[in-house]
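One structure is given here, and the rest of the page talks about it.
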Amino acid sequence: MTAVIIDGKAVAAELRETLAGKVSEFVKATNVQPHLAALLVGEDPASAVYVRNKQKACDKAGIRSTLHRLPAEITEEGLLTLIAQLNHDPSVHGILVQLPLPRHIREQVVLDAVTPLKDVDCFHPENVGLMVQGRPRFLPCTPHGIQQLLLNSGTQVAGAHAVVLGRSEIVGKPMAMMLVQRGEAANATVTICHSRTEGLAEITRQADIIVAAIGKPLFVTADM
């Protein structure tokens, strides 16, 4: 079988163009511009790049974005206070807390503090539960992006055996849940593999689709 590289940038550009049209229509109809607030704590270079790219994507789609740059020394209480203010700000429609957070701040406490109605990353337990039940309010960004790539490439997902490498709350677990749901780029038979999985290569060789969600480049090799 000849390998085909999916052009993710081209797919993203097409989706942004479609979204920009929908946003424009929404603004004309409601006189309300969607507004995303992003919180960046500390000076992690990778996080800064990630947030900057999100801001650029918002601009191209006609979505207002506000970046709150916070010092790494901010207290957990201080961060929670800002989140509470954004929760109650009617002009803010989505809140995104960039991870990772400094070690003195409890990540789960912070993520749970974001109101489910503005939790666009789908990290809040309420939104995770709705997603698992197949009636999502929001969809987690990276897994949903992967589904869009599967759709764009014409990959047959329904009935396929999909193996997800990784069980993180951000990518691995939600990816598996979304692939097993009814709907587009779904209806798959899903196996989740992780650091304690034995015979990994044997399992991946049985897969029609492999999603590597472990953050290690080149982990999946030809023999797998």
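- Two residues are said to be in side-chain contact when any heavy atoms from C-beta on lie closer than 4.5 Å; Val171 and Pro140 fail this criterion.
- Shortest non-hydrogen contact noted between Cys122 and Met131 is SG-CB, 4.2 Å.
- Both Ile95 and Val109 sit in one connected hydrophobic cluster of ILVMFWY residues. Membership requires side-chain heavy atoms under 4.5 Å apart, directly or through other members.
- By the 6.0 Å contact criterion, NE2 on His104 is enclosed, its count of non-hydrogen atoms from other residues, nucleotides or ligands being greater than 12.
- Between Met224 and the choices Ile203, Thr204, Val163, the side chain to side chain contact (heavy atoms under 4.5 Å, CB included) rule is met once, by Thr204.
- Side chains of Ile170 and Phe123 form a contact here, defined as non-hydrogen atoms less than 4.5 Å apart.
- The number of heavy-atom neighbours closer than 6.0 Å to CZ of Arg137, taken from other residues, nucleotides and ligands shown, is above 12.
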Intermediate values then yes/no, side-chain contact (heavy atoms from CB on, under 4.5 Å), Leu82 and His68 = CA-CA 9 Å; Leu82 174 57; His68 296 265; 4.1 Å; yes

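- How far CD of Gln55 is from CZ of Arg64: 12.0 Å, rounded to the nearest 0.5 Å.
- Residues Val157 and Met175 fall within the same hydrophobic cluster, defined by Ile, Leu, Val, Met, Phe, Trp and Tyr side chains chained together at heavy-atom separations under 4.5 Å.
- In the hydrophobic cluster analysis, where Ile, Leu, Val, Met, Phe, Trp and Tyr join through side-chain heavy atoms closer than 4.5 angstrom, Phe138 is grouped apart from Met178.
- In the hydrophobic clustering of ILVMFWY residues, with side-chain heavy atoms under 4.5 Å counting as a link, Leu165 and Ile6 come out apart.
- A side-chain donor-acceptor contact under 3.5 Å links Asn127 to the backbone of Pro116.
- Considering all non-hydrogen atoms of both residues, His124 and Leu111 come closest at CD2-O, 4.3 Å.
- Thr81 places a side-chain N or O within 3.5 Å of a backbone atom of Glu77 that can act as its donor or acceptor partner.
- Scanning all heavy atoms of the two residues, the minimum distance from Gln147 to Leu179 falls at NE2-N, 4.4 Å.
- Thr115 places no side-chain N or O within 3.5 Å of a backbone atom of Lys118 that could act as its donor or acceptor partner.
- When the shell of 6.0 Å around CD of Glu126 is examined, it contains more than 12 heavy atoms from other residues, nucleotides or ligands.
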Worked check of side-chain contact (heavy atoms from CB on, under 4.5 Å) between Leu99 and Leu101 | CA-CA 5 Å; Leu99 303 177; Leu101 294 170; 4.0 Å; yes

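- When side chains are defined from C-beta on, Asp44 does not count as touching Gln98, because their heavy atoms never get closer than 4.5 Å.
- Contact between Val32 and Val27 at its shortest, heavy atoms only, is O-CG2, 3.4 Å.
- Looking only at distances, no side-chain donor or acceptor of Arg69 sits under 3.5 Å from a matching main-chain atom of Leu40.
- A donor-acceptor pair shorter than 3.5 Å cannot be found between the side chains of Asp89 and Gln85.
- The closest side-chain heavy-atom distance from Pro174 to His144 is not below 4.5 Å.
- Residue Glu202 qualifies as open at atom CD: its count of foreign heavy atoms under 6.0 Å is 12 or below.
- Ile63 CD1 to His35 NE2: the interatomic distance, rounded to the nearest 0.5 Å, is 11.0 Å.
- For the pair Arg167 and Arg196, the minimum side-chain heavy-atom distance is below 4.5 Å.
- Side-chain contact between Ile105 and Ile74 is present, with heavy atoms from C-beta onward closer than 4.5 Å.
- Between atom OG of residue Ser47 and atom CG of residue Leu39 there is a gap of 12.5 Å, rounded to the nearest 0.5 Å.
- Nearest heavy atoms, Val92 versus Ala37: CG1-CB, 3.9 Å.
- Between the side chain of Asn87 and the backbone N or O of Val114 there is no donor-acceptor pair closer than 3.5 Å.
- For the pair Leu80/Val110, a side-chain contact is recorded, criterion being any heavy-atom separation below 4.5 Å from C-beta on.
- For CD of Gln33, the number of neighbouring non-hydrogen atoms (other residues, nucleotides, ligands) closer than 6.0 Å is greater than 12.
- Annotation: side chain of Val11 is not in contact with side chain of Asp7 (no heavy-atom distance under 4.5 Å).
- Interatomic distance, Gln181 CD to Arg135 CZ, rounded to the nearest 0.5 Å: 11.5 Å.
- Put simply, CG on Leu86 and OG on Ser91 are 8.5 Å apart, with the number rounded to the nearest 0.5 Å.
- At a threshold of 4.5 Å between side-chain heavy atoms, the hydrophobic network of Ile, Leu, Val, Met, Phe, Trp and Tyr places Leu96 and Leu67 in two separate groups.
- In this structure, CG in Leu79 is found 4.5 Å from CD1 in Ile83, a value given to the nearest 0.5 Å.
- Surrounding CG of Asn31 are at most 12 heavy atoms belonging to other residues, nucleotides or ligands under 6.0 Å away.
- Val120 and Cys141 get closest at one heavy-atom pair: O-SG, 4.1 Å.
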